[in-house]
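Here the structure is a predicted model, which is why all the values come from computation and not from measurement.
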Amino acid sequence: MKSRMIPGISSIILIFLILCLSVFSLLSISDAKSALSFAERHAASVQAYYEADAAGQTFIRDCRKNGQNPDSASGTITHEIPIGSGQMLFIELSADGNSVLSYYVYNSSEYVIDSRIPVWTGN
C-alpha cells in the first residue's frame, strides 16, 4: 500500500510556518524598539552626568585658582550641580580649596514608596 500525502496538510503546515515567522519577526521588532529607547535614555543620562562632572571640575579649578570664602558653619566650600532626573552632584572642598573632601552623586528628590497597591505581607 502506498502512503499518499494529502495536499491540504502541506498547505496547513506552510501557513503555520509563515504565521510563526511573522509573529517572531514582530516580537523582534518590538524588542529592538524597546532596546533603542533604553539606549537613548541611558545615553542621555550618561551625557548629563559628564556635563555635570565637567562643571564640577571647572568649579574645583576656579576655587583653586581664584579662591572662595568657605561656608561659615562647616568651614568648607560646598557646591551642588543638578544632573537631572532628581540627582545632584555634591562637591565639598577644604577651606583653602586645595583638597577635595567629597565628590558624589545623590538623589535630591524624596523617594516615596507607593503603598496604594495591596500587597500580601506574609501574615
J.: Is there a donor in the side chain of R41 and an acceptor in the side chain of S45, or the other way round, less than 3.5 Å apart?
T.: no
J.: Establish whether Y50 and L89 are linked, either directly or via other cluster members, by ILVMFWY side-chain heavy-atom contacts under 4.5 Å.
T.: yes
J.: Report yes or no: does T76 contribute a side-chain atom to a donor-acceptor pair with the main-chain N or O of A95 at less than 3.5 Å?
T.: no
J.: Considering non-hydrogen atoms only, spot the tightest contact between P82 and M88 and give its length.
T.: CA-SD, 3.4 Å
J.: Answer with yes or no whether the hydrophobic clustering places Y106 together with Y103; edges join I, L, V, M, F, W, Y residues whose side-chain heavy atoms lie under 4.5 Å apart.
T.: no
J.: Show your reasoning for whether side-chain contact (heavy atoms from CB on, under 4.5 Å) applies to L101 and S99.
T.: CA-CA 6 Å; L101 303 176; S99 62; 4.2 Å; yes
J.: With a 3.5 Å distance limit and no angle check, can you tell me whether S22 reaches the backbone of I18 through a side-chain donor-acceptor pair?
T.: yes
J.: I'd like to know if L93 and I81 are part of one continuous hydrophobic network [Ile/Leu/Val/Met/Phe/Trp/Tyr, side-chain heavy atoms within less than 4.5 Å].
T.: yes
J.: With rounding to the nearest 0.5 angstrom, report the CZ to CG distance, R64 to N98.
T.: 6.5 Å
J.: Could you measure the distance from the CD1 atom of I60 to the NZ atom of K65? Nearest 0.5 Å is fine.
T.: 14.5 Å
J.: Is a side-chain donor or acceptor of T58 paired with a backbone partner of A54 at a separation under 3.5 angstrom?
T.: yes
J.: Flag yes if I9 and L17 sit in one hydrophobic cluster, no otherwise; membership is Ile, Leu, Val, Met, Phe, Trp, Tyr, and two members link when side-chain heavy atoms are under 4.5 Å apart.
T.: yes
J.: Between CG of D53 and CD1 of I91, what distance do you get to the nearest 0.5 Å?
T.: 8.0 Å
J.: Taking atom OG of S28 and atom CG of L21, what is their separation to the nearest 0.5 Å?
T.: 10.5 Å
J.: Quick check for you: to the nearest 0.5 Å, what is the distance between I15 atom CD1 and L19 atom CG?
T.: 9.0 Å
J.: How long is the straight-line distance from CG of N66 back to CZ of R61, given to the nearest 0.5 Å?
T.: 9.0 Å
J.: Could you report the tightest heavy-atom contact between I83 and A52, atom names first, then the distance?
T.: CG1-CB, 3.6 Å
J.: How about T78 and E92: does a side-chain donor come under 3.5 Å of a side-chain acceptor?
T.: no
J.: Give a yes or no on whether Y49 and F59 share a hydrophobic cluster (residues Ile, Leu, Val, Met, Phe, Trp, Tyr; joining criterion: side-chain heavy atoms under 4.5 Å apart).
T.: yes
